[in-house]
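Please read the structure below before turning to the comments.
The model shown is predicted, which means the values in this text are computed figures rather than measured ones. Order of the sequence lines sets the chain letters (A, B, ...), proteins ahead of strands, with each chain counted from 1.
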Amino acid sequence: MVPAHQVAPGLPAAAGRACLRPEPTRPLRRPGFLMQQDIFAALRARTVDALQGLLPELPAEAFSRVVVEPPRDASHGDMATNAAMVVAKLAKLPPPKLAADLSAKLAELPEVAEVAPAGPGFINIRLQPEYLRAQLPVVLAAGEAYGQGAATGHKVNVEYVSANPTGPMHVGHCRGAVVGDALANLLAKAGDAVTKEYYINDAGAQVQALAWAAFWRYLEVAARAGAPGAVLDKLRAEPENGRAIVEAEFGTTLQYGGEYLIPVGEALWAEHGPALMDPTPDTLLAIRHATVAAMMVEIRADLAALGVTHDVFISEAEVVAAGKLEQAEQVLDAKGLMYRGILEPPKGKTPDDWEPREQTLFRATQFGDDTDRPLRKSDGSGTYFANDIANHLHKIERGFDELVHVWGADHGGYVKRMKAAVSALSDSRVSLDVVLTQIVHVLKDGQPVRMSKRAGSYITLADLIDEVGRDAVRFTMLTRKADAQMEFDLNKVVEQSRDNPVFYVQYAHARIRSVLRAAGDPADFAGADLSPLTDAAEMALIRRITTWPRVVEGAAAAREPHRIAFYLNDLAGDFHMLWNRGREDATLRFIRPEEPVATKARLALLAATGAVLRSGLQVMGVTPVEELRDERKGDSAEPG
RNA sequence: GGACCCGUAGCUCAGCUGGAUAGAGCGCUGCCCUCCGAAGGCAGAGGUCGAAGGUUCGAAUCCUUUCGGGUCCGCCA
């Protein structure tokens, strides 16, 4: 395995190196290697250098499409590049000819063991095993920070959850919360400066309806307290008909019947006494504020239980009160993007009460939307869209240059207009990406668990976390592409088997910790001789580890946090495979007292694997476990 | 009528933004515990990537058309 040009034949590797190149100050034993966290980026740089040497007349942009990546088929080697094919036509050379020339250059690199042109112009590269092994010290030095990208200079705002503050969070909100939080972590891992943001929709008709419902609960509390009043007498006479009585008495419709507002009613009574008895705009506003505040306390507690913490909470009402809506309209007006006009009725499914109306419209069609969009309701207040435009103007003013949203798929129709607005407001300097999350169907014992907020009975997020544990919730929510429907089986996510990735990945980490503990938790692997790591399973694990930085980069660029979950599952698979090799062949066990050098090398590999697992779990917001308990449920749900 | 998302093994899903012979788990068939935890692992069978065209050295991936499933469509958020 050891190439002849590196080590004198017949000499032990360490001795050979020591004789030929004593460099005690350098931690790396192969100074010729180009060492960085991402060895694919390193080899890409090497490849582009070589190519430029061959084709000095080509401009730098000609090489932008050069990719160095792991080949799909491992038998092709460690890396493959399309370099020859990508620049062939600019260089006016046939790809195979260019591939042959480039291969000869690449073969001279110290990192490279073997180069083979293949197919229509691919170049397959086999790396020096020592170069691959030399990545382990890099990983160990970085620890959980392995995979951390260099600062991109991008200031990114990730807005997610943003559930209406009209009740506790339920499972429907959960996926967006987890995906958003993991995505924000992922972007930070890739080097962006990330702000996690929650937009409180506290300015619309929904929260007004919520205020009425809280008012109802307040009246019921007042009635029970024996306060005087005609309405309260009625409530006392028929306590079971409280809802209908309040609706009839005040000419309103109570949309929110959930019992979670009873404590809010009690708090209102305790603080204000009978002062809120006659609903006026002022009292309703006070009730609204108190109710929204109470709901936000609950929502934040739910989010905390899920391990989600936002940096910024922005209130829609406050954004509007600050005059951002008028300011946004001025900006749009100045650009000639606002006008008074009448929209065509939507085709196919015209609303029953359709009538042509003149409205204040935003020229969204100039930015790729299907129709222009209204900014003002007939009562003069801003539409939700207009308020959101105001919020986005505010974000742009705060200096973000990338905006990311995580929305439920039912908001898919809203994406184009919002992108149009951001383009308009920022003259296309600021980008907006929207990640849509599909519905989660919750199953228990194979049966769908129905959720109905209106009926007041639904699985709350808190219930879900109690049932299966925070880590299982978070991991499972990331085991599908965001934009694919998902079944969340309450039984399966706590199952301890191969087909539950939550368990499988945690199991790998627990096994690693178990071995390292058994070995006395060695902390220092600096200078460890890694040459005993030669088994195919060991090298496969090392190769997987070396791909982690590019997985982070690719997942961040695609805004796809689920890739982290899949990577960890693969990494755990490579590890379990290696573990099992030790069962078949005792010489491949991790701890071999009679072989201290091999033991240390393998422990270094395990420590590095553990670090990458933790690095990935940290992005997902999942706690790596030290050991698996012999309990069937809830072992990852304990507090702390 | 229109917009957006999704159709990949019997089932549940990946597929690294255009790369080579399309992968994993479950299920099925056959194996591996005197062993650092078998709560694992190995091997096999299983596919015209919904369909038809197009773009180019090369398509599950990009474009057009079409068939299925989902979400949405003027003062709800």
Quiz question: going by heavy-atom distance under 3.5 Å, is there a donor-acceptor pair between the base of [N] and the side chain of [X]?
X: A/H411; N: B/rA77; value: yes
X: A/D570; N: B/rA24; value: no
X: A/R511; N: B/rC36; value: no

I want to verify a distance call: between [options], whose nearest atom is closest to the [X] side chain?
X: A/F503; options: B/rU71, B/rG40, B/rC16; result: B/rG40
X: A/R480; options: B/rC76, B/rC36, B/rC13; result: B/rC13
X: A/K377; options: B/rA14, B/rA77, B/rA20; result: B/rA77
X: A/R550; options: B/rC57, B/rC16, B/rG15; result: B/rC16
X: A/P120; options: B/rA20, B/rU71, B/rC57; result: B/rC57
X: A/Q485; options: B/rU71, B/rG70, B/rA20; result: B/rG70

Check: Which residues, if any, of residues 79-97 of chain A bring a heavy atom under 4.0 Å of RNA chain B?
Finding: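 Heavy-atom cutoff 4.0 Å gives A/A80, A/M85.
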
Next item on the list: Using a cut-off of strictly less than 4.0 Å between a heavy atom of the residue and any atom of RNA chain B, enumerate the qualifying residues of residues 361-376 of chain A by number.
Entry: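 Per residue number, the list reads A/D370, A/P374.
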
Acceptor/donor pairs from residues 408-415 of chain A side chains to any protein atom, 3.5 angstrom cut, sequence neighbours excluded:
none

Which donor-acceptor pairs under 3.5 Å do side chains of residues 564-573 of chain A form with protein atoms, sequence neighbours excluded?
{"from": "A/Y567", "atom 1": "OH", "to": "A/R544", "atom 2": "O", "distance (Å)": "2.7"}

Base-pairing assignment for [N] (Watson-Crick or G-U wobble, both under 3.5 Å):
N: B/rA3; result: B/rU71
N: B/rA43; result: B/rU29
N: B/rC36; result: none
N: B/rA24; result: B/rU12
N: B/rC62; result: B/rG54

Checklist line | Exercise: do A/N164 and A/T166 side chains pair donor with acceptor under 3.5 Å | finding: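 Checked: A/N164/A/T166 side chains show no N/O donor-acceptor pair below 3.5 Å.
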
Margin query: Over all strands shown, is A/F566 touching base, sugar-phosphate only, or nothing at heavy-atom distances under 4.0 angstrom?
Written below: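 Sugar-phosphate only.
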
Calculate the interatomic distance between [X] atom [atom1] and [N] atom [atom2]; express it in whole Å.
X: A/Y384; N: B/rA77; atom1: OH; atom2: P; answer: 9 Å
X: A/E594; N: B/rC36; atom1: CD; atom2: C1'; answer: 13 Å
X: A/L343; N: B/rG74; atom1: CG; atom2: C1'; answer: 6 Å
X: A/L210; N: B/rC76; atom1: CG; atom2: C1'; answer: 15 Å
X: A/H441; N: B/rG70; atom1: NE2; atom2: P; answer: 10 Å
X: A/D379; N: B/rC75; atom1: CG; atom2: C1'; answer: 8 Å
X: A/I591; N: B/rC35; atom1: CD1; atom2: P; answer: 17 Å
X: A/I389; N: B/rA77; atom1: CD1; atom2: P; answer: 14 Å

Check: Is the base of B/rC73 syn or anti, where syn means the angle lies within 90° of 0?
Finding: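 Here the answer is anti: the torsion falls beyond 90° from 0.
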
Notebook entry, point to check: What's the base orientation of B/rU66: syn (chi within 90° of 0) or anti?
Noted result: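 For B/rU66, whose glycosidic angle is more than 90° from 0, the conformation is anti.
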
Applying side-chain contact (heavy atoms from CB on, under 4.5 Å), name anything that partners [X], two or more places apart in sequence or on another chain.
X: A/T360; answer: A/M338, A/R340, A/L375, A/R376
X: A/P561; answer: A/V179, A/A182, A/L183, A/L186, A/L478
X: A/K97; answer: A/P94, A/D101

Next item on the list: Name all residues meeting the salt bridge (charged side-chain N to carboxylate O under 4.0 Å, His left out) criterion together with A/D379; count only those two or more places apart in sequence or in a different chain, and write none if there are none.
Entry: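 In terms of salt bridge (charged side-chain N to carboxylate O under 4.0 Å, His left out), with neighbours along the sequence ignored, A/D379 is linked to no residue.
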
Could you list all N or O pairs between the protein and nucleotides 41-47 of chain B that sit under 3.5 Å apart?
{"from": "B/rG41", "atom 1": "OP1", "to": "A/R498", "atom 2": "NE", "distance (Å)": "3.3"}
{"from": "B/rG41", "atom 1": "OP1", "to": "A/Y504", "atom 2": "OH", "distance (Å)": "2.4"}
{"from": "B/rG41", "atom 1": "O4'", "to": "A/N580", "atom 2": "ND2", "distance (Å)": "3.4"}
{"from": "B/rG41", "atom 1": "O2'", "to": "A/N580", "atom 2": "ND2", "distance (Å)": "3.0"}

Tabulate protein N/O versus nucleotide N/O from nucleotides 4-7 of chain B, keeping only pairs under 3.5 Å, one per line.
{"from": "B/rC5", "atom 1": "O2'", "to": "A/D483", "atom 2": "OD1", "distance (Å)": "3.0"}
{"from": "B/rC5", "atom 1": "O2'", "to": "A/D483", "atom 2": "OD2", "distance (Å)": "2.7"}

Margin query: A side-chain contact here means heavy atoms from C-beta on lying under 4.5 Å apart; do A/V406 and A/E159 qualify?
Written below: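 A side-chain contact is absent here, since even the closest heavy-atom pair is not under 4.5 Å.
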
Checklist line | Residue pairs fulfilling side chain to side chain donor-acceptor pair (under 3.5 Å) with at least one residue in residues 74-84 of chain A, sequence neighbours excluded | finding: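 Checked against side chain to side chain donor-acceptor pair (under 3.5 Å) - neighbours excluded - the pairs reaching residues 74-84 of chain A are A/D73-A/S75, A/D78-A/R543.
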
If you restrict it to nitrogen or oxygen atoms, what contacts under 3.5 Å exist between nucleotides 58-60 of chain B and the protein, and what is each distance?
{"from": "B/rA60", "atom 1": "N6", "to": "A/R72", "atom 2": "NH2", "distance (Å)": "3.4"}

